[in-house]
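Proteins come first, then strands; the chains are lettered A, B, ... in the order of their sequence lines, and each starts at number 1. These numbers come from a predicted model, not from an experiment. Every heavy atom of this structure was used, including side-chain atoms; hydrogens, water molecules and symmetry mates were not.
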There are 2 protein chains.
Amino acid sequence: MTDHRLIREFFLGFIKIHILYHAAQAPVCGVDLGEELARHGYHVSPGTLYPTLHALERAGYLQRESRTVHGRRRKYYCATGDGRSVLQRARKQACELLDEIVENDG
Amino acid sequence: MTDHRLIREFFLGFIKIHILYHAAQAPVCGVDLGEELARHGYHVSPGTLYPTLHALERAGYLQRESRTVHGRRRKYYCATGDGRSVLQRARKQACELLDEIVENDG
DNA sequence: TGGAATAATATCACAAAGCGATATCGGGAA
DNA sequence: TTCCCGATATCGCTTTGTGATATTATTCCA
């Protein structure tokens, strides 16, 4: 395993939490998410992004809606109630993680 | 995919960051880590924990040392310099994640 | 009106990880 | 020795990650 890959594993969960967060703020489509995540330094290829969206939808955390925007067909995703609870839980656990690992900044 | 499994995916990275953190504080062995993680609500089976330790060691983030404690043979892991840099980076990214997703607590 | 180009999403194929179950290893006790 | 047990290691199967490629659907322009 390359270093690059192992480091990425650390943050795959972060990426999913980001997706849930954005879908809780406003409906978002795949390309939007790809660009938004890239702005945060997470480079996600379509082969990762779309299957992730499908999995989150299957799990009932995202709801999909087809729209045509500028003549392009897009799938917009919005967090469901369940999705928002999971996001809330992720917030809590991320806080706890930080509380612990930041106290001694070695 | 069950909900349980998908939720766990969110936090697998957290678990690895925890491991790196504890190994940066003091040398730790597998059983210690299992118990410590359980205290934080992360239940990690040996089939996950030990391969993870091996991967972190192969990547050069952990250094292993065999010790005999109370007549039992244990492998203690300590974060290397590279491991500490990666941990530092994880801290930074976790902070950024929280800064974003907490600002609007919907 | 073709039909090439483009945008957005979906899928394929392979490598790798997650994990419960099971095996192994090594020291102590008897 | 032999058995036991704590600790670690590995197996086998399922699932995920991902770059590359395909599919779908619309626009543009000769």
Rounded to whole Å, CG of B/Asp32 lies from C1' of D/dA7 at a distance of 11 Å

Taken to the nearest whole Å, NE2/A/His4 to P/D/dG19 is 9 Å

Note to self: Just N and O in the side chain of A/Lys75: are any of them under 4.0 Å from OP1 or OP2 of D/dA25?
What the structure shows: no

Result for 5'-nearest mapping on DNA chain D, choosing between A/Thr68 and A/Thr52, is A/Thr52

Hits for side-chain hydrogen bond (donor to acceptor under 3.5 Å, both in side chains) against B/Tyr50, two or more places apart or cross-chain, chain-then-number order -> none

**Asked** Contact class for B/Arg67 (heavy atom, under 4.0 Å): base, sugar-phosphate, or nothing?
**Response** nothing

Correct closest heavy-atom pair for B/Leu6 and A/Ala59 would be CD2-CB, 3.3 Å

Regarding the side chain of B/Pro51, the nearest nucleotide among D/dT15, D/dT10, D/dA9 is D/dT10

- Carefully, step by step, assess B/Asp99 and B/Val102 under the rule side chain to side chain contact (heavy atoms under 4.5 Å, CB included). CA-CA 6 Å; B/Asp99 279 354; B/Val102 165; over 6 Å; no

B/Glu35 CD to D/dG6 P, in whole Å, measures 12 Å

Any B/Arg64 side-chain N or O less than 4.0 Å from OP1/OP2 of D/dA9: yes

Over all strands shown, is B/Arg74 touching base, sugar-phosphate only, or nothing at heavy-atom distances under 4.0 angstrom? sugar-phosphate

| message | It should be established whether A/His54 places a side-chain nitrogen or oxygen under 4.0 Å from OP1 or OP2 of nucleotide C/dA10. | response | yes

Assert: residue with more 5' nearest nucleotide on DNA chain D, out of B/Tyr77 and B/Arg72, is B/Arg72

Per the under-4.0 Å heavy-atom filter, residues of residues 38-50 of chain A near DNA chain D come out as A/Ser45, A/Gly47, A/Thr48

Minimal heavy-atom distance between B/Ala23 and B/Tyr77, with the atoms involved, is CB-O, 3.8 Å

Among the nucleotides D/dT16, D/dA7, C/dA8, whichever has the atom closest to the side chain of B/Val31 is D/dA7

Rounded to whole Å, CG of A/Leu56 lies from P of C/dA10 at a distance of 13 Å

Would you kindly say whether B/Glu36 and B/His18 are connected by a side-chain donor-acceptor distance under 3.5 Å?
no

note: B/His70, atom NE2; D/dT8, atom P; distance rounded to Å ~ 14 Å

Q.
Can you tell me how the ring of A/His22 sits relative to the ring of A/His40, calling it parallel under 30°, perpendicular over 60° and tilted otherwise?
A. tilted

Here the distance between atom C1' of C/dC19 and atom NZ of B/Lys16, to the nearest Å, is 13 Å

**Message:** At less than 4.0 Å, is any side-chain N or O atom of B/Arg8 found next to OP1 or OP2 of D/dT15? Yes or no.
**Reply:** no

note: B/Phe11, atom CZ; C/dC19, atom P; distance rounded to Å ~ 13 Å

When rounded to whole Å, the CG to P distance for the pair A/Leu12 and C/dA17 reads 11 Å

Please work out if B/Arg73 contacts a base, only the sugar-phosphate, or nothing of the nucleic acid, heavy-atom cut-off 4.0 Å.
sugar-phosphate

Notebook entry, point to check: Going through the distances and angles, do B/Ile17 and B/Val86 end up as a side chain to side chain contact (heavy atoms under 4.5 Å, CB included)?
Noted result: CA-CA 9 Å; B/Ile17 294 170; B/Val86 169; over 6 Å; no

query = Does atom CD of A/Glu57 have more than 12 heavy-atom neighbours from other groups under 6.0 Å away?
reply = yes

